[in-house]
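Below, all heavy atoms of this structure are taken into account, side chains as well, without hydrogens, waters or symmetry copies. Every value quoted in this text rests on a predicted model; they were computed, and no experiment measured them. By convention in this document, chain letters (A, B, ...) are assigned in the order of the sequence lines, proteins followed by strands, and residues within each chain are numbered from 1.
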There are 2 protein chains.
Amino acid sequence: MDIILDRMVKYITFDPSNVKTSLTVAGRPKEFDEVDALSRAQELFWRQGYGATSTEDLLAAMGLRKGSLYHTFGSKRGVFVQATKQFGHEFLRALRQALQQGSDPLEVLCQTFRALADPSHAAAVAAKGCYFGNTLVEMATLDPEMQHLAAQGLMAVEQVFYEALSQAQQAGQLSQSADPRALARYLINLWNGLNISRRMYTPQDLIPIIETGLQVLV
Amino acid sequence: MDIILDRMVKYITFDPSNVKTSLTVAGRPKEFDEVDALSRAQELFWRQGYGATSTEDLLAAMGLRKGSLYHTFGSKRGVFVQATKQFGHEFLRALRQALQQGSDPLEVLCQTFRALADPSHAAAVAAKGCYFGNTLVEMATLDPEMQHLAAQGLMAVEQVFYEALSQAQQAGQLSQSADPRALARYLINLWNGLNISRRMYTPQDLIPIIETGLQVLV
DNA sequence: CCAATAATTGACCAATTGTTTTAGAATAGA
DNA sequence: TCTATTCTAAAACAATTGGTCAATTATTGG
């Protein structure tokens, strides 16, 4: 992958004499799909965290042998870094699509929070919670770089919230005196709180918490 | 300890013929203070979590040899359980004292949250965060019993919040239509959120989040 | 002093950890 | 076909993991 990317860069940037360079490269081709393998890793890290996931766990889930994993990703941590980055891209793309497409972004925003108290959603995702939040808590005292990566993810979510709130304000759904940046951060904190509270309250009990939390928007 | 407790129970409940039973018992006495040792363990679990703390880490911090640790606590998990219980008792005692003693419990409650954005507090505790919240996140998918223990701790905090809010309501500081139970849970969620948000924002940036979060109380 | 009990010590343990190595297999380009 | 390159497979690795054990030491009560 890196090799091909490297070639792509050269392909585009080099002078015309090199245009004929192939995008592929000599050598045995990969027998697995990197994106797919990272998705499996993602799932494990999401459910169990980094420390509680062993390399053997990863190998089994990704369908790889040690050689392939270490050749491609360098280390267990390397898998974690790439899986986390991939999750970030996927999650943010989906979130942006949900919040930017509807005609009423404020309503979609509220529904996004309310969905966290939906029992069906609860069964599927609540056990895992927020990938960023989990990683941030686990890595905070162990790996500053990973902590930063997780924090970056959440700040990107903040940005999406901010854009939705700005849009709502321009549409007159939000008081002109409201501060969309401050509200976005407040909502991130509500989000983060629910990542923990979900594990101690029933979906039923989460509803009033969410409604009280969203009160500041109306 | 268990032995002495057992003797204490017998001492109190048995018929007078057994009153002479000593509270101590034959055998070599413990050379370390259990409460103190658990405090050291607590500190480690708090900072690094359970998985990232090895038995060797524990032995070094607690000043014990393997034999003593396993004789007294049974397992690494046993240390975790007891350290967590001890933390719960200590933390809740301190919190109750802070909230129940002042003449203005609502004000103390707000100050408790504002303290989370105090840089000096940040340096000391923010890196570790909330023991209950951290444990809840880590144990949620690994150890249901420990998850329950951590959740219990947070629900006890909820109860302390509830009592402060009820008191404030009776004193007329809170609208009669307010629901102290719902507000207490909302505040627990604010608390839980800050346990994660603290790791991505500066203390400066936490302030408006906290103030917005406390807005529902006025 | 003796028997019973309990705590400490240090050696020992099997299993698992993340990682490396070495040999071979599969491809592209010359 | 030869060479360079990349990927895979399997074995081997040292280190660390959480935990056990037998022998010894310290205490209480009779």
Please report the distance, rounded to the nearest Å, between [atom1] in [X] and [atom2] in [N].
{"X": "A:Asp33", "N": "D:dC7", "atom1": "CG", "atom2": "P", "result": "14 Å"}
{"X": "A:Leu59", "N": "D:dC7", "atom1": "CG", "atom2": "P", "result": "17 Å"}
{"X": "A:Met62", "N": "D:dA9", "atom1": "CE", "atom2": "P", "result": "14 Å"}
{"X": "A:Phe73", "N": "C:dG18", "atom1": "CZ", "atom2": "P", "result": "16 Å"}
{"X": "B:Asp57", "N": "D:dT16", "atom1": "CG", "atom2": "P", "result": "11 Å"}
{"X": "B:Glu31", "N": "D:dA26", "atom1": "CD", "atom2": "P", "result": "8 Å"}
{"X": "B:Arg77", "N": "D:dG18", "atom1": "CZ", "atom2": "P", "result": "14 Å"}
{"X": "B:His71", "N": "D:dG18", "atom1": "NE2", "atom2": "P", "result": "21 Å"}

When the ring planes of A:Phe113 and A:Phe161 are compared, do they come out parallel, tilted or perpendicular, using 30° and 60° as the limits? tilted
Need to verify one output field. Residue with the more 5' nearest nucleotide on DNA chain C, A:Gly67 or A:Thr53? A:Thr53
A:Arg96/A:Glu163 ion pair, N-O < 4.0 Å: no
Less than 4.0 angstrom from a charged side-chain N to a carboxylate O is my criterion; do B:Asp118 and B:Arg114 meet it? no
Determine whether a donor-acceptor pair (one donor, one acceptor, N or O, separation below 3.5 Å) exists between the side chain of B:Lys66 and the base of C:dT9. no
Ignoring hydrogens and angles, answer whether the base of D:dT8 and the side-chain atoms of A:Arg65 contain a donor-acceptor pair closer than 3.5 Å. no
Quick check on C:dT17: is either OP1 or OP2 less than 4.0 Å from any side-chain nitrogen or oxygen of A:Ser54? yes
Please determine whether a side-chain nitrogen or oxygen atom of A:Ser68 lies at a distance below 4.0 Å from atom OP1 or OP2 of D:dT8. yes
Contact nearer the 5' end of DNA chain D, comparing B:Glu56 with B:Arg28: B:Glu56
Nearest-nucleotide 5' precedence on DNA chain D, B:Ser75 against B:Gly27: B:Ser75
Consider the side chain of B:Tyr70, meaning its heavy atoms from C-beta on, and name the nucleotide among D:dG18, C:dA7, C:dT19 that approaches it most closely. D:dG18
Listed nucleotide nearest any side-chain atom of B:Pro29, set D:dG18, C:dG18, D:dA26: D:dA26
A cation-pi test, strictly: NZ or CZ of B:Lys85 under 6.0 Å from the centre of the six-membered ring of B:Phe80 and no more than 45 degrees from its axis. Yes or no? no
So does A:Lys128 have more than 12 non-hydrogen atoms from other groups sitting under 6.0 Å from NZ? yes
